[in-house]
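Below is one structure, written out as structure tokens, with a few remarks after it.
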Amino acid sequence: MPAIKIASDIYWVGAIDWNLRSCGSYNTPRGTTYNAYLIKDEKIALIDTVKGGFEAEMLEKIREIIDPAKIDYCISQHSEQDHSGALPELMKAATKAKVICTQAGKENLASHFGTDWDARAVKTGDRLTLGKKTLMFIEAKMLHWPDNMFTYAKEDKILFSNDAFGQHIATAQRFDDEVGHEAFEEFTKYFAVIVSVYSNMVQEKIKEIEEMALDIKMIAPAHGVIWKEPKRILGAYKKWSSGESERKVTIVFDTMWQSTAVMADEIARGIIHEGVPVRAFSLRSSDWTEIIREIIESRLILIGSPVLNMNLYPTVGGFLTFLKGIRPPNKKAAAFGSYGWSKGLAVKIINEELEKIGFKVLGGIDIKYIPFQKQREECFQFGRKIVKEIE
Ligand code: FEO
């Protein structure tokens with residue numbers, strides 16, 4: 001696949017990873033891209049590189065446009081290896097290039113690669129003139145590492161945002177209007193799993209960008225497609241990071257002898273009866289990344305588990321640990337589950353964990369062994385009642 005021109009003298013020279021299926025705790029069923037951008041002017045700059053293993057793909061694209069030895073600046077917006085892994089090979093070819101990064105980036109690159117590249121640390125507001133084009137840097141600490149930064153191409157009105165506003169989707173298309181709804185779905189998931197834990201910083205950064213009154217025509221992240229509707233994209237981050245959500249419920253559970261599964265179904269039926277959208281996920285047959293995406297969009301989260309060995313079912317315990325790391329803001333929650341001889345135990349443990357996450361806990365329901373008609377009706381009524389808490 002060749003380099004792709006995205007604006008006058010600006011080219012995508014990244015790589016497509018069609019077969020990536022997980023990235024840490026993150027499932028990536030649609031693969032991803034590692035976006036690097038080459039800017040050609042009197043001086044030549046490369047914004048980010050690609051993951052190690054894709055160096056040749058990136059260098060081949062750069063060579064379609066210029067000799068890599070002519071690169072003056074390699075702007076490393078983030079030191080995580082999916083963006084910096086190709087930097088050693090690039091620096092061998094770009095013999096005169098100076099690395100531009102934040103101070104934290106400079107330290108992180110040294111920790112990752114142990115090299116003495118000629119590196120300049122930049123701060124928010126620092127500028128780099130390439131000729132006709134001017135780049136301005138914006139530190140983006142904890143979006144999502146201490147070293148992240150954005151680069152704003154003033155004349156072309158492009159915000160290069162690295163991980164922020166990214167999506168894990170492998171596609172030959174480079175712009176959002178060339179792909180379907182999948183890009184926005186993956187964008188939501190990406191925020192949920194990678195960014196939402198830093199929601200306070202997202203709020204502050206968007207406010208800062210608004211105060212800078214930057215004229216942004218496109219947002220070019222380091223994964224997935226380029227956004228041509230920056231207002232929609234910034235608005236989505238603003239909304240999700242504030243904890244604003246839909247009147248919608250997510251149910252998450254595991255089950256041993258189907259009792260907790262039956263409870264989940266009956267509770268969902270009660271919620272549907274009240275006209276509220278709901279999705280229920282069995283932890284052993286669902287993609288946990290997808291569940292987190294649903295949770296970000298939901299106002300009420302219900303977690304169900306049977307009691308096993310005086311504790312939660314292991315998958316439920318694991319999921320709560322995962323959720324505790326992400327800490328979605330401004331959610332209400334409740335627990336449910338079945339037991340044999342430990343009434344209240346699963347509900348108590350789940351609710352304690354939900355409180356630690358910061359959710360507003362609304363109570364719970366449990367039943368002994370098997371949900372017969374009477375207990376099913378209780379679960380149905382529980383669903384009807386609990387959903388009224390998110391009117
Ligand atoms: Fe934080 Fe795409 O790496």
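We count ligands from 1, going down the list as the structure has it; atoms in each ligand are counted the same way.
Distances shorter than 2.8 Å separate atom 2 (Fe) of ligand 1 from the protein N/O/S atoms D82 OD2, H83 NE2, D163 OD1, H223 NE2.
Counting heavy atoms of neighbouring residues, nucleotides and ligands inside a 6.0 Å radius, atom NZ of K324 exceeds 12 of them.
Shown here are the side chain to side chain contact (heavy atoms under 4.5 Å, CB included) partners of K141, two or more places apart in sequence or in another chain: there are none. Under the side chain to side chain contact (heavy atoms under 4.5 Å, CB included) criterion, E139 pairs with T102, K123, T124, sequence neighbours left out. In terms of the ring pair (Phe, Tyr, Trp, His ring centres under 6.0 Å) criterion, Y11 has no residue partners (sequence neighbours excluded).
Ring geometry for Y237 versus W240: interplanar angle of 30 to 60°, hence tilted.
No donor-acceptor pair under 3.5 Å is formed between the side chain of R174 and the backbone N or O of K5.
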